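Right, one structure below, let's go through it.
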Amino acid sequence: MTRRLVLIAAWSSAAAAVAGCAGNGAGLDANGRPGSSTGAVNGPLTADFASIQSHVFTPICTVCHAGAAAPQGLRLDAANSYALLVGVPSTEVPALLRVKAGDPDNSYLVQKLEGHAAVGARMPFGGPYLDQATIDVIRQWITDGAAPPAATAAPPGFAITAVTPAPGDAVDARPSIVLALSQDLDQTRIDASSLRLERVGPSGAAAGSVPLRLRVPAGNPRALLALPLSPLAPGIYRLVVPAPPDTGLASIGGERLGARGDAQTLTEFEVVPPT
Ligand code: HEC
């Protein structure tokens, strides 16, 4: 049985943006308000996800947070951002969710934007920073329940649109593994066999597999979180969707993943010892 490395990065329309990680505050006007200097984006910023995406995440954050090199695996392009934010643990402070629906104070995203997160720099990295009025709109969206964007443009077909850690990433012993999906998952069909995390031996063959706890993040059925049950020893790991009929990953509409008949390697990453 062949295993194909699915090149997730190539699927990201924003991958080309990775090169320009300049931190020059593109998209912000002199007052730290997004969009108003270019006047381009769909009316004023409002407390809904589509508006925040088009006023903040796309013009300002995807300068860095896009493609396989996105910092901390956090891609903020429109195809990936919701799945990787809502209900998903932060990489820097795994005890906090990036967005905790209903609770902006305990949402790591807000802490990073306001500059009081426990780890790393204020966002956008290097400034200029968002003004408090803009951050308050993001807070309001979270307070209101962090609803997803209206499902007008649901892509056809059930597919994985992003995987964290991305191929080639170096991570610590307790990575949050997150799949972003194009459609809502059927939660009743997720079980221990839905995904496999293999330790890769010197020959490239699997040298054992690591038990995972799989769950759909709270309020975010287009994502799947896979948490290793114990810390990972340093080494190379790959995440595999078993071949049908084993795979339990299916969309709410009954479409299955891995219908091509092979086990698919979704990502291969390295666990490095703490520095
Ligand atoms: C110039 C590049 C750059 C820009 C622009 C940028 N970031 Fe970041 N971001 C980083 C880097 C680098 C890190 C990791 C280091 C750190 O946290 O200081 C990071 C980390 C983060 C994290 C932590 C992720 C986690 O899981 O722990 C969040 C949240 C975040 N950024 C949100 C944003 C948002 C929202 C924007 C846009 C308003 C933004 N960033 C713009 C470079 C950038």
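In each ligand, atom 1 is the first atom listed, and ligand 1 is the first ligand listed. These numbers were taken from a predicted model, which means no experiment stands behind them. Hydrogens, waters and symmetry mates play no part in the numbers below; they use all other heavy atoms, side chains included.
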* Which residues satisfy the ring-ring contact (aromatic ring centres under 6.0 Å, His included) test with Phe269, sequence neighbours excluded? -> none
* Can you sort out which atoms of ligand 1 are near Gly120, meaning under 4.0 Å from one of its heavy atoms? => 16 (C), 17 (O), 18 (O)
* **Test of proximity, Lys112 against ligand 1: N or O pairs below 3.5 Å** => yes
* Leu76 to ligand 1, any heavy atom closer than 4.0 Å -> yes
* Hey, are Ser209 and Glu198 close enough side-chain-wise for a donor-acceptor pair under 3.5 Å? -> no
* Below 4.0 angstrom from a heavy atom of Tyr108, which ligand 1 atoms are there? Numbered from 1 as shown, please. => 23 (C), 27 (O)
* To do: Select the closest option to atom 17 (O) of ligand 1 among His65, Glu92, Gln72, judged by heavy-atom distance.
  => Glu92
* To do: List the atom of Asp105, the atom of Gln111, and the distance in Å for their closest heavy-atom pair.
  => O-NE2, 3.1 Å
* Atom indices of ligand 1, in the order listed, that fall short of 4.0 Å to a heavy atom of Ile60 -> 5 (C)
* Go through ligand 1 atom by atom and flag the ones less than 4.0 Å from a non-hydrogen atom of Leu113. => 35 (C), 38 (C)
* Structure fact -> Taken in chain and number order and not counting sequence neighbours, the residues that satisfy side-chain hydrogen bond (donor to acceptor under 3.5 Å, both in side chains) with Ser230 are none
* Give a yes/no verdict on a cation-pi contact between Arg98 and Tyr108, requiring under 6.0 Å between NZ or CZ and the six-membered ring centre and an angle within 45° of the axis. => no
* **Part of Leu74 with heavy atoms under 4.0 Å of ligand 1, whether side chain, backbone, both or neither** => side chain
* To do: Could you tell me which atoms of ligand 1, counted from 1 in the order shown, lie closer than 4.0 angstrom to a heavy atom of Leu109?
  => 35 (C)
* Asked: Would you call the rings of Trp141 and Tyr82 parallel, tilted or perpendicular if under 30° counts as parallel and over 60° as perpendicular?
  -> perpendicular
* Using a distance-only test with no angle check, is there a side-chain donor-acceptor pair under 3.5 angstrom linking Gln140 and Asp136? -> no
* Pick one of side chain, backbone, both or neither for how Pro124 approaches ligand 1, counting any non-hydrogen atom pair under 4.0 Å. => both
* Asked: Looking only at distance, does Ala121 have an N or O less than 3.5 Å from an N or O of ligand 1?
  -> yes
